[in-house]
Amino acid sequence: MQILIILLQIAALLAIVLLHVAYTTYFERKIIGHMQVRMGPMLVGWHGLLQPIADGIKSFFKEDIIPEQADKPLFLAAPIICLVTMLASLAVLPFARGWVLADINIGLLFLFAMSSLASYGIILAGWASNSKYTFLGGMRSMAQVISYEIPMGLSLVGVMMLSGSLNLTEIVTAQGTSIFSIYLFPQIIGFFVFFIAMLAETNRVPFDLPEAETELVSGYLTEYSGMRYAMFFMAEYIGMMVMASIGTVCFLGGWNGPFEIPFFPPFWFILKVYGFLFLFIWIRATLPRYRYDQLMELGWKLLIPLALLNIFLTGLFKVFT
Amino acid sequence: MLNQLAFLYCASVIIGTALLAVRFKNPVYSVLSVLVLFFHMAGLYLLLNAEFLAAIQIIVYAGAVLVLYLFVLFLVSLREEVKIERFIKSHRLATAVSIGLGLSLLMIIPSFKLGAKGEYPVERITELTHTKAMGFELYSTYLLPFEVAGLILLIAVIGGLVLARKEEEIK
Amino acid sequence: MTESATINVPVAQGNEDKYKLKMGPQHPATHGVLRVDLELDGETITDCDPKVGYLHRGFEKLAEHRTYAQNLVLTDRLDYMAAMANNVGYCEAVEKLLDIQVSNRARFLRVMVCEMARLASHLLWLATHALDIGAMTVFLYAFRERETLMEIFAELCGSRLTNTYTCLGGVRQDVTHEIMRKLDNFINEFPACIEEYETLIDTNRIWLKRTIGVAPVSAEMGLDLCLTGASLRGSGVDYDIRKHVPYAAYDQIDFEVPLGETGDTYARYRCRMEEMRQSNYILRQCIEKMPPGAIVGEDAPDLVMPTTPRKKVTADTSARQGLIKLIEDRDVYMEGDIYVATEVPKGELGFYFISDCKGKPYRMHIRSPSFIHIGALETLGKGVMVADLIAIIGTLDVVLGECDR
Amino acid sequence: MESILIAEDLRNNFPNAIFETQIHRGQFSSIVAPEPIVEMCRFLKEDYKMNHLNCLTGVDNLSRKGKHFERFEVIYQLYSIEYRVGLRLKAQIKDSEDPSIDSITSLWTGADWLERETFDLLGITFNEHPNLKRILTPEDWEGHPLQKTYKLKGNTEWNGFTKLKEKVKQLKQFDFYSAQEGTHSND
């Protein structure tokens, strides 16, 4: 019986998240459209509201092309790895008090583990397609993941030290309900590092080198089509949501808000995640792309020292108070 | 019962993928089977309530070390077939040595004793959480070995840097 | 029992020491059908070999078999981003070859459309250059302004891209008050638009990182590579044909030639941005100084566009019977050759003509800036990263239609 | 500084190599022998700062009416940015079967592609050119299109195009869907 309930919960969460993903793409197109003095999708449904569904149907029924020279098993597996790891990380996210599928003690580490595994999907996609552009994209992605996983992890160490836990629910609880007690203020350096690393982890502008359209055509995605392409796409957007959720939980006080919303406790959590997503989209509309070596330089020469400094300062703070 | 089944599954997959990793001719497939192996290792840790270790196993080994291996594999251009001489020329001698090694491994088994031992039995760990328990132990009892290990790793990092630099200068 | 056994490792196909990448002709960032064969060491380009000719239509051969008036339409298809400037360049060359006089109003109109074409071309350059580097929004902002210009073109001569607006001896159609009003509105608003682009990208650290110090070209190197236009002026060489050998009405107009110093991608970008400001200034002067008078010269040997359909309005009586035929019969064709260059948005567009007393050019050679700029890619592309190569293609501002001819 | 003076000075320095100086619509051109062309260009570049190579192209004089010299001409249009004067050199190549001239890529790297283009379209060989290959036409193109003997519309299609057409014909007969199903059943 309990298993059945959990399965139902999983199904509900998946459905909601996938719907969210679909509409995140819609909002991205709409927001960027309006930022770029155009309308965005307008034709399917009222103001293009049904566009994501049309896109989904289209990609589902498109022919699934596998290049002749590709390494077939890995080529087929790569998008699945990407999507599954991203979906798995949803399990530990606390949307509100008690609104979490698996309240495990190492929630934060689990999220890291999953996001580092997701890079396998990209790397294998790049390698298995047996095409030059995808391979370059895969290599870029690999270097990027290795370099940015470290500052990302280090930037959250400060949060772990302050809250004394890796459990996401406890991290939120430790921050308290007041808006001034969230970790954004004591961990401002950590947040800065986290935010940049977050953009890099999700391959978003200005760090979208693995799929830089004007350089590598479409990077590791070049040879994919139809549903498998859509799976990568979904994985990317779920990744964005997961990263936004980590940011919300660790720095913005999770589901806590100025006042409680009756019947719908995750309201503030979702609002903050939307805020992050809007930032993602805004940045995409504004910034150019980094070059490969500049990206590495930023990661290793700026972010990692800053994150280490943040840990040191937090330690001092802990010792003297 | 469920635990034992899970252990059996993990253990058999570990052995299977370990063999596959050696047998695969395509190095990328070998690395990937090692990835599956690491996964099941993490599963074993979870069965032992060592959740921190499980997570670290995946983050460090699967997420970083293996990715680096893949990186190197992709970068190294295999233009010619790699030819390696057999370490032991005689087939019989090789068999004998491996059987001997296998036997000595089996002989260790009786020294394992089941049941709770030491300061941190399972109940305590569940209460404290594994991360905390490990943190306490590492930073109090085993502080010196921990620091020494850190220093050794630092030396390795610096060594690697020095080696990489030298090669560049020669170019 | 074998002495030693080999382990067979599958070797990937085409796996060589150097990673070879054939970029293009189908690639989002090669501005048409350019192919660049690269040899990569990691992400660094060790060898760069641009391949052109995918759009070769044999204009030079074709021109030898068509009359001077007919060849005009070919020039639209050179740099289709600034067809007006090509038209003017061609007409100036033929007029000088055949010694045809152009009325002053037509000269001013030519300067006007030239500068509009320059703005349109530079806007497109900015849009694609920014998109190549990853800034997406500038693309659409620049296209918004370009659209206004295209609409004015359409109103002026009925065509947005392939204009064929000028004719030998003048221009085909006069401007209306409506066009002048629209243009006036545009030039009043445009400086604010340039500032908008600059706030978007010029204050951006990433943009500066991506452009400053990338592909620096010294003045000597620029001349050695035969670069022209803003690509050369970014290196500080004061070479603008509008000033050096004034054509059309450029001698009656006041403007400055913006020069860069460092010669890197950023300097070239700044040069073109300043050029847009200067073009705007020139357009303002054109509107203010536009002289009255005929738009076609007295002895113009070409068609005059009918104002209403089916009714030919001609410049003079001699032009009444089939005007394309006229240009074959005239006895103005002296023997001789001429090289006339004009400053089109991409650089120096030169026409070399040989006339041998016939209505058709004996030889027409088009010195197209894009062709030479792509040739320079071979030198500039060595030792940079793939992302920089894209930036360099963008900063040289090449159009393959003009390159391949 | 005027073009005529430069042309005069050029004649003084290379007395045997200059045949004539022409003027047409105010533009001066010197008709020169092909052999010392590199020295001449170097002289103009160094002494008169004619450091900008406007244009380099060739002409086939086969059916040209009026006064001309040899079958093939190579035109060099030079310009001095500092003095704002230009001069055109027209090198006459005597050999109409296998025309060749020295390359000036040592003076201007940018001449590389211009010479390749001239070679491609007119068949004039440039000695000591680093990479003299066809550039605008395909590598296996026959003939040099801008020669006057080359017709505007050739007799046959380009080899590659006929091959492509044949391939299209072959592929049209090929039934992709049944072939695909066939491979699936084999799996």
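Below, read A as the first sequence line, B as the second, and so on, with proteins coming before strands; counting in each chain starts at 1.
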Decide, yes or no, whether a salt bridge links D:E73 with C:R363 under the criterion of side-chain N to carboxylate O below 4.0 Å.
-> no
To the nearest 0.5 Å, atom CG of D:L121 lies from atom NZ of C:K61 at 10.0 Å
Within a reach of under 6.0 Å around CD of D:E39, are more than 12 heavy atoms found that belong to other residues, nucleotides or ligands?
-> yes
Yes or no on side chain to side chain contact (heavy atoms under 4.5 Å, CB included) for C:D238 and D:I81, after CA distance, side-chain angles and deciding distance?
-> CA-CA 8 Å; C:D238 186 7; D:I81 288 171; 5.7 Å; no
Under a 4.5 Å heavy-atom cutoff, which of C:E378, C:H365, C:H244 has the most pairs with chain D?
-> C:H244
Answer yes or no: is there a donor N or O on one side and an acceptor on the other, between the side chain of C:E348 and the main chain of D:N54, under 3.5 Å?
-> no
Closest heavy-atom contact between D:L53 and C:C226?
-> CB-SG, 3.9 Å
Heaviest contributor of heavy-atom pairs below 4.5 Å to chain C, chosen from D:K90, D:R116, D:E82, is D:K90
Considering non-hydrogen atoms only, spot the tightest contact between C:L223 and D:N51 and give its length.
-> CD1-ND2, 3.6 Å
Of all heavy-atom pairs between D:R84 and C:K243, which one has the smallest distance, and what is that distance?
-> NH1-O, 3.5 Å
Quick one: what part of C:Y54 sits under 4.5 Å from any heavy atom of chain D, side chain, backbone, both or neither?
-> neither
Honestly, the part of C:E60 sitting under 4.5 Å from a heavy atom of chain D is both
Relative to chain D, which of C:K51, C:H373, C:K96 shows the most heavy atom pairs under 4.5 Å?
-> C:K96
Output for pair (D:Y79 OH, C:I241 CD1), nearest 0.5 Å, gives 8.0 Å
C:K382, NZ atom: more than 12 neighbouring heavy atoms under 6.0 Å = yes
Any chance you could measure D:N61, atom CG, to C:D356, atom CG, to the nearest 0.5 Å?
-> 9.5 Å
Below 4.5 Å from any heavy atom of chain C, which atoms of D:D120 appear? Answer side chain, backbone, both or neither.
-> neither
Of the backbone (N, CA, C, O) and the side chain (C-beta and beyond), which part of D:R134 lies under 4.5 Å from a heavy atom of chain C, both, or neither?
-> neither
Contacting moiety of C:P369, where chain D heavy atoms sit under 4.5 Å = neither
With only heavy atoms counted, which part of C:Y352 is less than 4.5 Å from chain D, the side chain, the backbone, both or neither?
-> side chain
Do any of residues 102-110 of chain D come closer than 4.5 Å to chain C, heavy atom to heavy atom, and if so which ones, in number order?
-> D:L107, D:W108, D:T109, D:G110
Closest non-hydrogen atom pair, C:Y362 against D:L62 = OH-N, 3.4 Å
How far apart are the closest heavy atoms of C:Y339 and D:C55, and which atoms are they?
-> CE1-CB, 3.5 Å
Which one of D:D112, D:L114, D:I23 has the most heavy-atom pairs closer than 4.5 Å to chain C?
-> D:L114
So which part of D:Y150 gets closer than 4.5 Å to some heavy atom of chain C, the side chain, the backbone, both or neither?
-> both
Bottom line for C:I372: the part with an atom under 4.5 Å from chain D's heavy atoms is side chain
Please report the shortest heavy-atom distance between D:T137 and C:H56, naming the atom on each side.
-> CG2-CD2, 4.2 Å
Toward chain C, the part of D:I75 with a non-hydrogen atom under 4.5 Å | side chain
Would you indicate whether the side-chain heavy atoms of D:T57 and C:R367 approach each other to under 4.5 Å?
-> no
Answer yes or no: is there a side-chain heavy-atom contact under 4.5 Å between C:D337 and D:Q27?
-> no
Turns out that what part of C:L227 lies under 4.5 Å from chain D's heavy atoms comes down to backbone
Hey, which of C:G53, C:A376, C:G58 has the most heavy atom pairs under 4.5 Å with chain D?
-> C:G53
Applying a strict 4.5 Å limit to non-hydrogen atoms, the region of D:Q147 in contact with chain C is backbone
